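Notes to accompany the following structure.
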Amino acid sequence: MLLGSVLTTNVLAQNTLQDITYAPLAGDKVQITLQFAAPVAEPQIFTTQNPARIAVDIPDTHNAMTKRRIDINTGATQSVTAVEAAGRTRVVVDLFHNAGYETRKEGNNYILIVNNNMSGGAASATAAAVAATDQTKSSAATGMEITNVDFRRGQHGEGRVIVTFSGQGAGVDLQRMGDKIDVNMYNVKLPAQFAQKLDVLDFATPVKSIETRRKGGGVEMEIAAGGSFDQLAYQAGNEYVIEVSPKKEEAKVDPNAPPVYSGNRVTFNFQDIPTRSVLQLIADVSDLNIVVSDSVGGNVTLRLINVPWDQALDLVLQTKGLDKRQNGNVIWIAPQQEIATREQAIAEAHQKLQDVKQTVTVYIPISYGKAKDIAALLSAKTGAAGGAGGQSGAAGQSGGFLSPRGRVTSDDRTNTLLVVDTPERVEEIRTLVSKLDKPVQQVLIESRVVVATDNFARELGAKFGISGGYQTGNTIVSTSGSLAAADQMSNIALANRVAGFGGLPISSPGPAGSGIQVPNIGNRLNVNLPSSTSAGSFGLAILGADYLLDLELSAAQTEGRSELISSPRVITANQQEADIKQGQEIGYVTFQAGGGANQATVQFKEAVLELKVTPTITADNRVYLTLDVKKDAINKLVPNPGGGFVPQLDKREITTSVLVDNGQTVVLGGVYEFDKSTDITKVPFLGDIPGLGVLFRDTKKNNQKAELLIFVTPRILSESLK
């Protein structure tokens, strides 16, 4: 057994990377095959997001490749590079954008398949790539859990968040949203002890806090940072590291600022010395190789005490009309005109080479955009754009992405660009297309239209009447609520007198079973002001020997509260208008006179709830919204003079533009209406008597409140959820 182990170790130590080949697959995938002299041990794979790369480390392996870099430029794969250092070989796959991958071993070959995007679960691809065995290439992250969440401070003030998993190959998606970094880990369990918020402000890094929580079937980590910072994430083995470092401020170069010299100080005091000799002295002091053109001549007089040698060199060059060009540690010095002539000749030669260089034809598939639009962009020249459909502009115009000999067209059926140009321009176009052809972010816009009403009404009314008849001598005095009732009372009193009842008309009975003969209640009332809606009433009648008193008090109070909430929501792409509406079209007929007869015309009015919105996602992950929200409703139908009815609408509409944070709810606007009224109907003078005046008046109080509020909430959808 020991001998076998030694032999195996020797074989692995002598393994050699012999060749790297690639082949495009369906779906813009790329298969990269690493050919070894012997079966290779499972390498270690890690990825970085900025820049997007996949690195494969093969220990105890010699690199026998004669070509260090291989350009691929297919799908998400840009190139592959192999280097050897410290007894191991590292193969780095440069990507145009982050992408998933799969791996497998076939004999002496190690195969890496790079997808075109992260769809299908980066978790499964990543897990398969780093698994210690070839047992499964699906979701190795199933059943995986977080075993530790750690934070450390780097030497240069950067903060490192280290997430340790129970196995290799966790699927992780990182997105920056303003001052926050959102990390989603799919198919990962979170033990209770790690579901917490860590305050790391005291570490003096850009990171302020780290909050880890469960989300769906995975884990979400939110890293809050402050100030200007850069983030870098990479995965190695069972660890995922997010490094947040302060952003380095680039030194601002002022073109008008004087040059800064840092060379060793020298002292020169010469009278009429050859210029070439001075340059030789400066070369000796600077330890640089100086090549002087044959056309440099003449003498120079200078007295320089304790000045940097590079400043002395500039002074000599300015004095003699010379210029310099430096390449490494070699400086070429010649007259300014000679250098300018040479550089112009080089540029003209390069341009002529481009004019005669052989062109190549490539086909670039477009995944997310329209090939026709990208072709028009590539064909655009200075101050003008090429024709639609990808026809290139005229040769000789400058400022376009194509060379004067380049052409680009598009195939709408397959959504593919057809580019004909020099290899250098084709490479530039591939890089440009990879940056442009990206999925457009989508936004979910949720809106709420709230119409709240509050009604309050109170009414108090009264009915009051005095009826009676009194006989004194030959005179009959009668009173009631109306003249007809007084007449009736007088007739009753007269009839009683003839019948011999003697002066008690009110109490006089009528015919058998008819009761007391008095006017009806409507004629007996002096005041008839009851409440229009009687929720309750109180009646009182007093019947005396010669009079009848009627009293009825009525009162009503109504209260009403209502809320109408409408919640339209719509998903749309960035900078694309979306329109959603719900409601009804109301038809009505109008008549127009003409030709001796009215002509009927059917017209329609919309009473709809409508949300029209155009979102624009800003660079700091906020959303600029252009909104038009409408909520119409039918109020009533107004009779048409020609016949039929015309609908009258209550219109509620707002048109505005607003900048909102991702996920923030903002109140766009509102209308608040308050209607308060008091109506009094009374008998003059009597209705104003304190206390008793309530018997002679009808009082109505009405309060109405109406409020319209419009809320909107934009949410940027994560690419992993699309």
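Counting begins at 1 with the first residue of the sequence. As the structure is a computational prediction, the values presented were derived from the model and not from experiment.
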Would you say [X] and [Y] make side-chain contact, with heavy atoms under 4.5 Å?
| X | Y | answer |
| --- | --- | --- |
| Trp332 | Val330 | no |
| Leu34 | Asn109 | no |
| Val296 | Thr275 | yes |
| Ile72 | Ile32 | yes |
| Val91 | Leu17 | yes |
| Leu112 | Tyr101 | yes |
| Lys29 | Pro24 | no |
| Thr33 | Tyr22 | no |

- Determine whether more than 12 heavy atoms belonging to other residues, nucleotides or ligands lie under 6.0 Å from atom CZ of Arg69.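 Buried by this count: over 12 neighbours within 6.0 Å.
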- Query: So with a 6.0 Å cut-off around CG of Asn269, is the heavy-atom count from everything else above 12?
  - Reply: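 Yes, CG of Asn269 has more than 12 neighbouring heavy atoms, counting only those of other groups under 6.0 Å.
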- Message: Let's go through Arg407 and Asp421 carefully: what are the C-alpha distance in whole Å and the side-chain angles of both, what is the deciding distance for salt bridge (Lys or Arg N to Asp or Glu O under 4.0 Å) to 0.1 Å, and is it a yes or a no?
- Response: CA-CA 7 Å; Arg407 302 186 307 278; Asp421 212 327; over 6 Å; no
Atom pair [atom1] ([X]) and [atom2] ([Y]), whose distance is rounded to the nearest 0.5 Å:
| X | Y | atom1 | atom2 | value |
| --- | --- | --- | --- | --- |
| Leu378 | Thr409 | CG | OG1 | 11.0 Å |
| Phe36 | Ile58 | CZ | CD1 | 4.5 Å |
| Arg342 | Arg325 | CZ | CZ | 9.5 Å |
| Asp19 | Lys67 | CG | NZ | 11.0 Å |

Nearest heavy-atom pair of [X] and [Y]: which atoms, and what distance?
| X | Y | result |
| --- | --- | --- |
| Ala233 | Leu174 | CB-CD1, 3.9 Å |
| Lys320 | Gly297 | CE-O, 3.8 Å |
| Trp309 | Gly263 | NE1-CA, 3.3 Å |
| Ala573 | Pro615 | O-CG, 3.9 Å |

- Query: So Asn299 and Asp272, side-chain hydrogen bond (donor to acceptor under 3.5 Å, both in side chains) or not? Walk me through it.
  - Reply: CA-CA 5 Å; Asn299 296 340; Asp272 199 25; 3.2 Å; yes
- List for me each residue that meets salt bridge (charged side-chain N to carboxylate O under 4.0 Å, His left out) alongside Asp284, sequence neighbours excluded, and say none if there are none.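 With neighbours one apart ignored, the set is empty.
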With [X], which of [options] fulfils side-chain contact (heavy atoms from CB on, under 4.5 Å)?
| X | options | result |
| --- | --- | --- |
| Leu315 | Leu302, Asp310, Val307, Leu304 | Leu304 |
| Ile333 | Ile339, Leu279, Ile282 | Leu279 |
| Phe151 | Leu198, Val207, Ile223 | Val207 |
| Gln35 | Thr21, Ile20, Thr16 | Thr21 |

- Could you please spell out the steps behind the salt bridge (Lys or Arg N to Asp or Glu O under 4.0 Å) verdict for Asp314 and Lys324? CA-CA 9 Å; Asp314 284 350; Lys324 64 180 178 180; 3.3 Å; yes
- Salt bridge Asp60-Arg88, side-chain N to carboxylate O under 4.0 Å: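 Salt bridge flag = no for Arg88 with Asp60.
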- Query: Is any side-chain N of the basic residue among Glu158 and Arg160 closer than 4.0 Å to the acidic one's carboxylate O?
  - Reply: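 Yes, this pair counts.
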